[in-house]
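Order of the sequence lines fixes the chain letters, A, B, ..., with proteins taken first and strands second; residue numbering starts at 1 for each chain.
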2 protein chains.
Amino acid sequence: MKEGPDIARVAALIGDPARANMLTALMAGKALTATELAGVAGITPQTATSHLARLVDGGLAITRKQGRHKYLALADDQIAGTLESLMGLAARIGHSRTRTGPKDAAMREALVCYNHLAGAMGTRMFDSMVGHGLLEQSGEALRLTDAGARAAAALGIDVAALSRGRAPVCRSCLDWSERRTHLAGSLGRALLARFEAEGWARRDPASRAVRFSPDGRRRFDALFPA
Amino acid sequence: MKEGPDIARVAALIGDPARANMLTALMAGKALTATELAGVAGITPQTATSHLARLVDGGLAITRKQGRHKYLALADDQIAGTLESLMGLAARIGHSRTRTGPKDAAMREALVCYNHLAGAMGTRMFDSMVGHGLLEQSGEALRLTDAGARAAAALGIDVAALSRGRAPVCRSCLDWSERRTHLAGSLGRALLARFEAEGWARRDPASRAVRFSPDGRRRFDALFPA
DNA sequence: CGAATGTTTCGGTGAACATCGAAGCATGAA
DNA sequence: TTCATGCTTCGATGTTCACCGAAACATTCG
């Protein structure tokens, strides 16, 4: 009964407001410095140091030193998935902070989950790709079809390079606000990167929201029809 | 940035060893009394009282009074899903307790996730049903096919009654040990109940393990071929 | 009705933990 | 080389929280 994974330890690491805020900020997928994270959490740099040490020791974050700057990132994209699950649960049982504002609507629409698109547009993209035969599901396995590979290549994505990498090309990731799946994996990452490179979408530097331009939205809708 | 679901609160509720142990025990899906949960967590009844009050106030557990007995259960099966996600993460980043023992192997094979079958047999059942056209996936949507409905009826499951209920008939649930999907929803629950009613499988009262008899295992394998 | 059992309340204790001011160390730029 | 900035260490503080003994309340059974 008392064997197996120690969820209390992991949950306790997430269960501090300052640490939770920093982990949430890292969900946007961009590495942040210790000082930036201290700002995000509203604490002093010395307090951040001790919190970040715990996250790193606990395996939730990794560090990279660059001169006097120390960058931190989530250790693994599964952590984003678990944080999403906690968000979904917190939303469901009514644990929210502050009143909803304009940013909430934007984040329901499109946001970054670690390195790929989430929110309504993320799940719509996934459903469209499955419905139009670009992605194929067999049990849990998620595979890019030939048609999907062609479509990705047409977007300028080097599918062969993705396949050669260690990360899975396609992985499903549960979206907390939609309670549906969005596309993770190296393809999910590459797609978001393309949307940004093409100027269709921009990341909001102050949150995880992704803003599509009107033109970008039109192109997205054309590419991923319902 | 500081808006939206308060994951710190939820995680802090899970992040106490006593409470985590109690939540894990409730994942087996059976309602337990306050005194039983105190035993599971290795604490006194008065300490359990205060912990359980926090779980109930926090929306993670519900209570039902029966004379002098107070029964508790997880408030929602999504909680089991989130706990599974935390288990997967804890296992992945190396937060484990005590050495693995025989029970671990049994639990990897077949175990209860709230009210449905999980573990290797749970994910195998899901994959088989999808691969043989009993379940159909379209994006996140998971639907029982006509062939699936017939197979379930042949097992003695009242599919029409399931469909009339409020709960989804089929829902996918991520399995932490397998990193694959097993079947939740009212069909998942009904299937596990049938396996038990037919004598194919028995729940281990001291853990979440499900023990299949040799005959039950043979029948399961025949029903859900690879 | 008295005894047994399940659960809760009350009050107190000690440990853990988040926090920050002060100071120090490391790095980069002028 | 000096100054500025990022980060860490040290030491102390106050709060929170898990815990339990004792007692009380609620229910059940003989």
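- Regarding B/Asp57, its CG atom lies at a distance of 15 Å from the C1' atom of D/dC17, rounded to whole Å.
- Here chain B contacts DNA chain C (any atom closer than 4.0 Å to a heavy atom, that is under 4.0 Å), and the contacts span C/dA4 to C/dT9 from 5' to 3'.
- Using a 4.0 Å heavy-atom criterion, one finds that B/Ser50 contacts no nucleic acid atom at all.
- Taking every heavy atom of both residues into account, B/Thr24 and B/Arg208 meet most closely at O-CD, 3.7 Å.
- Between B/Thr35 and A/Asp16, the one whose closest nucleotide on DNA chain C sits nearer the 5' end is B/Thr35.
- In this structure, the CG atom of A/Leu52 is 15 Å from the P atom of D/dG6, given to the nearest Å.
- If you check residues 62-72 of chain A against DNA chain D, the residues with a heavy atom closer than 4.0 Å are A/Arg68, A/His69, A/Lys70, listed by number.
- Between A/Leu192 and A/Asn115, every side-chain heavy-atom pair lies at or beyond the 4.5 Å cut-off.
- Residue A/Thr49 places no side-chain N or O under 4.0 Å from the OP1 or OP2 atom of D/dC7.
- Following rounding to the nearest Å, B/Arg54 (CZ) and D/dA18 (C1') show an atom-to-atom distance of 9 Å.
- Rounded to whole Å, atom C1' of D/dT9 lies 16 Å from atom NE2 of A/His51.
- Atom CZ of B/Arg219 has 12 or fewer heavy atoms from other residues, nucleotides or ligands within 6.0 Å.
- Rounded to an integer number of Å, the gap from CD of A/Gln46 to P of D/dC10 is 14 Å.
- Between B/Leu162 and B/Asp158, every side-chain heavy-atom pair lies at or beyond the 4.5 Å cut-off.
- Regarding B/Arg19, its CZ atom lies at a distance of 15 Å from the P atom of D/dT16, rounded to whole Å.
- Atom CZ of A/Phe220 sits about 5.5 Å away from atom CZ of A/Phe212, to the nearest 0.5 Å.
- Ring planes of B/His182 and B/His116: tilted class, angle from 30 to 60°.
- Of the charged side-chain nitrogens involved, none lies within less than 4.0 Å of a carboxylate oxygen, so that B/Lys30 and B/Glu36 do not count as a salt-bridged pair.
- Counting heavy-atom neighbours within 6.0 Å of A/Arg189 CZ, excluding the residue itself, gives a total of 12 or less.
- Looking at heavy atoms from C-beta onward, A/Leu60 lies in side-chain contact with A/Ile14 at the 4.5 angstrom threshold.
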